[in-house]
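The block underneath contains the structure these notes are about, expressed in structure tokens.
Position 1 is the first residue of the sequence, and the numbers go up from there. These values consider heavy atoms only, across backbone and side chains, with no hydrogens, waters or symmetry-generated copies.
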Amino acid sequence: MCFKQAFGTRAAAMALIPLERIRNIGISAHIDSGKTTLTERILFYTGKIREIHEVRGKDGVGATMDSMDLEREKGITIQSAATYAIWSGALGKTEEHNINIIDTPGHVDFTIEVERSLRVLDGAILVLDSVAGVQSQSITVDRQMKRYGVPRICFVNKMDRAGANYLRCVDMLKEKLGHHAVPIQVNMGAEDKFMGVIDPVDFKAYFFDGEKGEKVRCEEVPAEYLEETKKRRLTMIEQVADVDDKLAEKFIGGEEVSADDLRQAIRRATISLKMTPVMCGSAYKNKGVQVLLDQVCALLPSPPEVENVALDQRNSEAKVILKSDFNLPFVGLAFKLQQDQYGQLTYFRIYQGTVKMGDTIINNSRGQRKERVPRMFRMHSDRREELNEAKAGDIVAFYGVEATSGDSFTAPELYYTLTSMHVPDAVISLAVSPKDRTGEANFSKALSRFTREDPTFRVRRDEESAQTIISGMGELHLDIYMERMRREYDCEVVSGKPQVAYRETITQRGEFAYTHKKQTGGSGQFARVCGFMEPLPSDAVEQYEFVNETVGGTIPKEYIPGIEKGFLEAIKKGSLIGFPVVGIRCVVNDGAYHDVDSSEQAFKMAAIMAFREGYAQAKPVVMEPIMKVEVRAPAEFQGSVVGQVNQRRGMILETGTAEGHVTVVAEVPLNTMFGYSTDLRSGTQGKAEFSMEFAKYAAVPKGEQETMMKNFKDKNAADAAARK
């Protein structure tokens with residue numbers, strides 16, 4: 001059967017699968033936990049691909065979901081990739097389910113890919129390394145899942161590795177992530193003796209035979225594991241009963257708990273986010289994946305079981321519960337953009353209704369702009385399969401629809417918007433320029449495309465230095481984009497020294513009372529602004545707050561917006577080193593105006609100068625980004641690892657040793673982390689690995705701050721001299 005015929009058969013089968021048997025899931029984890037390897041096995045066992053290719057395979061093909069050349073060369077996932085598969089059970093006895101899958105990157109520099117994927121998914125698989133357990137990026141991914149209320153199954157991968165420990169990972173889920181983690185399997189052996197898994201719910205043991213583990217053998221529990229399985233089943237019932245009232249009634253009443261009772265209770269507790277079922281296996285050794293797929297279908301929710309809320313813009317943003325009903329008007333969210341040689345692909349999650357090729361839809365995030373849907377596709381990594389229509393619950397891509405990440409689309413008769421995804425702030429900047437003038441046009445095209453595709457990649461023009469500044473989540477993030485400019489746009493790029501995204505803030509209250517007077521023929525300018533500024537609490541959601549406490553008309557209401565504009569202008573560049581001011585509340589409580597000479601512009605100027613006056617009194621300080629760094633190395637190199645962290649002004653948070661390896665978790669200023677990977681490799685004979693992610697902002701040491709202020713002052717003086 002040719003591919004086209006196979007797809008036609010598959011598409012027809014998918015059209016017949018009801019909504020209740022659709023699962024939209026993401027696969028997320030710390031880098032190198034085996035997400036892409038797991039996805040490759042899922043695609044193979046569901047018949048989506050004919051051959052298994054490894055992430056760093058010798059055949060040079062690379063995993064199916066790593067479609068970019070850069071991903072295959074570096075052995076990491078850079079972009080999230082969507083696919084789908086049909087599954088009818090490990091033993092072929094389950095009703096067919098359609099599983100839409102998004103494989104996400106593990107590296108923190110590409111965290112936006114995880115963020116936007118989880119925003120549109122109904123469930124997820126959190127993958128852990130059986131030796132390392134919960135790592136730094138596992139914590140970040142879990143926080144993202146909690147942000148969007150995504151139910152998850154945890155899959156403890158790499159059970160074949162030396163030092164694999166399934167139950168220790170369960171304990172780490174409880175201790176580090178605060179999960180009510182319940183192991184729903186018994187592992188038969190570990191490390192090189194890992195044979196398969198036991199399901200204590202129905203006392204069945206699963207073995208995975210054949211060259212690629214494709215033959216699933218289900219047998220009675222082996223005698224040596226029978227007692228352990230009975231104990232685990234009883235413990236499982238107790239743990240599930242803690243979070244499910246129906247099961248608790250039976251358990252407390254001494255009634256027999258059937259396999260169906262237990263399965264339904266686990267499902268209810270998982271979907272309501274009260275527990276995390278934990279499974280185990282080895283994707284690389286082809287063990288446990290088919291049983292995991294069974295549980296994805298059994299435990300994770302279908303689209304109708306997830307509550308999705310829209311805001312009705314015609315009714316004061318009243319909340320509207322969207323329904324996975326094909327016959328209602330269309331509502332969808334654009335969550336990812338991707339450019340290829342044919343144009344822009346816009347990935348959509350459809351929450352309600354049906355959309356057909358040729359339909360007109362409305363972009364409600366861009367002033368109700370009309371867009372026609374010329375073509376639509378179901379994606380399989382970088383391959384696309386054309387569709388005539390898509391329905392609620394589907395994840396598809398449209399060609400020729402202009403949008404940005406997070407835009408809400410509806411049928412013409414609705415004016416709904418959906419909440420967008422969380423976009424973290426950039427932590428590192430770099431001055432870049434094309435190597436020669438002939439590359440300027442392609443340089444501009446590349447920057448324009450990348451900023452549309454990736455909300456965490458930002459570009460600005462520094463007017464003083466006339467440089468193009470790119471900002472992102474880390475060195476690797478910016479390196480990848482510069483490499484893509486070279487490969488995809490034939491544009492060599494030169495870059496300056498990385499610039500850390502510093503911030504300024506205040507440490508105490510500062511008063512201001514400034515009078516702005518200007519007389520230049522004709523009407524003059526007059527405004528007086530009085531008040532104070534103070535630090536915001538450290539846990540404040542917003543980083544700036546404006547409060548108007550004027551009474552008695554000392555400043556007319558029409559001038560208050562001018563004052564706020566002035567403060568917003570002033571906080572863009574602090575006076576210490578010229579970086580934005582954060583964590584500040586500006587309060588205006590008095591002032592004066594003139595009937596003729598006052599204007600909004602005059603009050604704006606007064607507010608700018610008043611801010612500077614109060615800022616000088618409020619003991620401002622420079623803040624630097626602090627990164628949470630996790631280093632894993634052989635125990636013999638512990639001294640070297642700790643020494644290098646200390647040299648970089650790092651603060652050790654915790655150290656732990658397991659299976660001959662030491663894990664060091666520390667908070668280190670980002671400014672000291674440049675070149676760390678080279679130093680770490682040389683100090684540990686290339687045997688250590690590390691990951692880092694943004695943790696918080698903290699004050700720069702006094703001596704360093706004085707140096708930074710002097711450099712800023714000298715630079716301003718030099719720029720002023722150059723202008724003369």
Side-chain angles (χ1 to χ4, degrees), residues 425-431 460 462-465 467 469 471 474-475 496-512 514 532-538 540 543-544 567 569-586 608-629 643-652 666-676 679 692 694-724:
D425 290 331
V427 295
I428 184 173
S429 299
L430 208 56
R460 66 179 173 85
D462 188 306
E463 296 304 329
E464 289 183 5
S465 64
Q467 289 180 311
I469 310 294
S471 305
E475 279 184 284
K497 181 181 179 290
Q499 173 65 66
V500 172
Y502 291 103
R503 296 287 183 265
E504 296 183 26
T505 192
I506 57 174
T507 57
Q508 66 176 37
R509 177 172 162 137
E511 310 258 341
F512 52 80
Y514 185 84
F532 62 90
M533 59 180 64
E534 61 184 4
L536 281 169
S538 58
Q543 290 298 307
Y544 163 75
F567 286 147
E569 184 75 26
I571 65 172
K572 286 180 183 176
K573 283 184 106 173
S575 58
L576 299 182
I577 60 169
F579 276 84
V581 180
V582 297
I584 191 167
R585 177 186 287 123
C586 296
I608 290 172
M609 301 311 293
F611 181 90
R612 291 175 186 170
E613 185 181 283
Y615 193 64
Q617 296 178 27
K619 286 197 176 174
V621 294
V622 177
M623 307 282 281
E624 63 182 343
I626 304 294
M627 309 303 284
K628 185 178 180 184
V629 179
Q644 286 186 354
V645 169
N646 288 333
Q647 284 170 7
R648 288 173 159 74
R649 289 198 284 117
M651 180 184 289
I652 308 288
E667 287 183 346
V668 191
L670 174 61
N671 191 41
T672 68
M673 286 299 292
F674 299 122
Y676 177 63
D679 291 350
M692 70 175 184
F694 174 74
K696 62 183 180 182
Y697 272 94
V700 170
K702 193 173 181 182
E704 196 169 318
Q705 177 171 312
E706 286 170 359
T707 304
M708 293 166 75
M709 289 168 64
K710 182 180 180 300
N711 292 341
F712 178 65
K713 191 176 178 182
D714 292 346
K715 180 179 178 294
N716 282 348
D719 289 344
R723 282 195 292 271
K724 288 178 183 175

Mind checking side-chain hydrogen bond (donor to acceptor under 3.5 Å, both in side chains) for Gln647 and listing every partner two or more places apart, or none if nothing turns up? none
Taking salt bridge (charged side-chain N to carboxylate O under 4.0 Å, His left out) as the cut-off, I'd like each qualifying pair that reaches into residues 608-619, sequence neighbours left out, listed once. none
For Thr505, give me all partners under side-chain hydrogen bond (donor to acceptor under 3.5 Å, both in side chains), at least two apart in sequence or on another chain. none
Looking only at heavy atoms, which two atoms of Ile584 and Ile571 are closest? And how far apart? CG2-CG2, 4.4 Å
With Tyr514 via ring pair (Phe, Tyr, Trp, His ring centres under 6.0 Å) - residues at least two apart: none
How would you list, by chain and number, every residue that makes a ring pair (Phe, Tyr, Trp, His ring centres under 6.0 Å) with Phe611, sequence neighbours excluded? Tyr615
Side-chain contact test, heavy atoms from C-beta onward, threshold under 4.5 Å: evaluate it for Ile652 versus Asn646 and give yes or no. yes
As an exercise, state the distance from CD of Gln705 to CD1 of Ile577, rounded to the nearest 0.5 Å. 8.0 Å
Once you round to the nearest 0.5 Å, how far does CD of Gln508 lie from CZ of Phe532? 13.5 Å
For residues 698-707, the salt bridge (charged side-chain N to carboxylate O under 4.0 Å, His left out) pairs (sequence neighbours left out) are Arg649-Glu704
With sequence neighbours excluded, what pairs up with Lys713 under the side-chain hydrogen bond (donor to acceptor under 3.5 Å, both in side chains) test? none
Donor-acceptor contacts under 3.5 Å from residues 694-701 side chains, at least two apart:
from   : atom 1 : to     : atom 2 : distance (Å)
Lys696 : NZ     : Glu667 : OE1    : 3.2
Tyr697 : OH     : Ala501 : O      : 2.7

Is there a donor-acceptor contact under 3.5 Å from the side chain of Gln467 to the main chain of Leu430? no
Asn716 side, atom CG; Asn711 side, atom CG - distance, nearest 0.5 Å: 11.0 Å
With heavy-atom distances below 4.5 Å as the criterion, would you say the side chains of Glu624 and Leu670 are in contact? no
Spacing of CD1 belonging to Ile428 relative to CE belonging to Met627, to within rounding of 0.5 Å: 8.5 Å
Test side chain to side chain contact (heavy atoms under 4.5 Å, CB included) applied to Asp679 and Arg648, step by step: CA-CA 11 Å; Asp679 291 350; Arg648 288 173 159 74; 2.7 Å; yes
Check whether any side-chain heavy atom of Phe567 lies under 4.5 Å from a side-chain heavy atom of Val581, and answer yes or no. no
Taking only residues two or more places apart in sequence or in another chain, which ones pass ring pair (Phe, Tyr, Trp, His ring centres under 6.0 Å) with Tyr676? Phe690
Evaluate the criterion side chain to side chain contact (heavy atoms under 4.5 Å, CB included) for residue pair Phe579 and Gln499; output intermediate values, then yes/no. CA-CA 11 Å; Phe579 276 84; Gln499 173 65 66; 3.7 Å; yes
Which residues pass the ring pair (Phe, Tyr, Trp, His ring centres under 6.0 Å) test with Phe712, sequence neighbours left out? none
Sequence neighbours excluded, the answer for side chain to side chain contact (heavy atoms under 4.5 Å, CB included) partners of Met651 is none
Can a donor-acceptor pair be found, under 3.5 Å and without considering hydrogens, that links the side chain of Glu504 to the backbone of Gly578? yes
Tell me the closest heavy-atom pair linking Pro535 and Thr507, and the distance in Å. CG-C, 3.7 Å
Does Arg585 have any side-chain hydrogen bond (donor to acceptor under 3.5 Å, both in side chains) partners at least two apart in sequence or in another chain, and if so, which? Glu534, Glu545
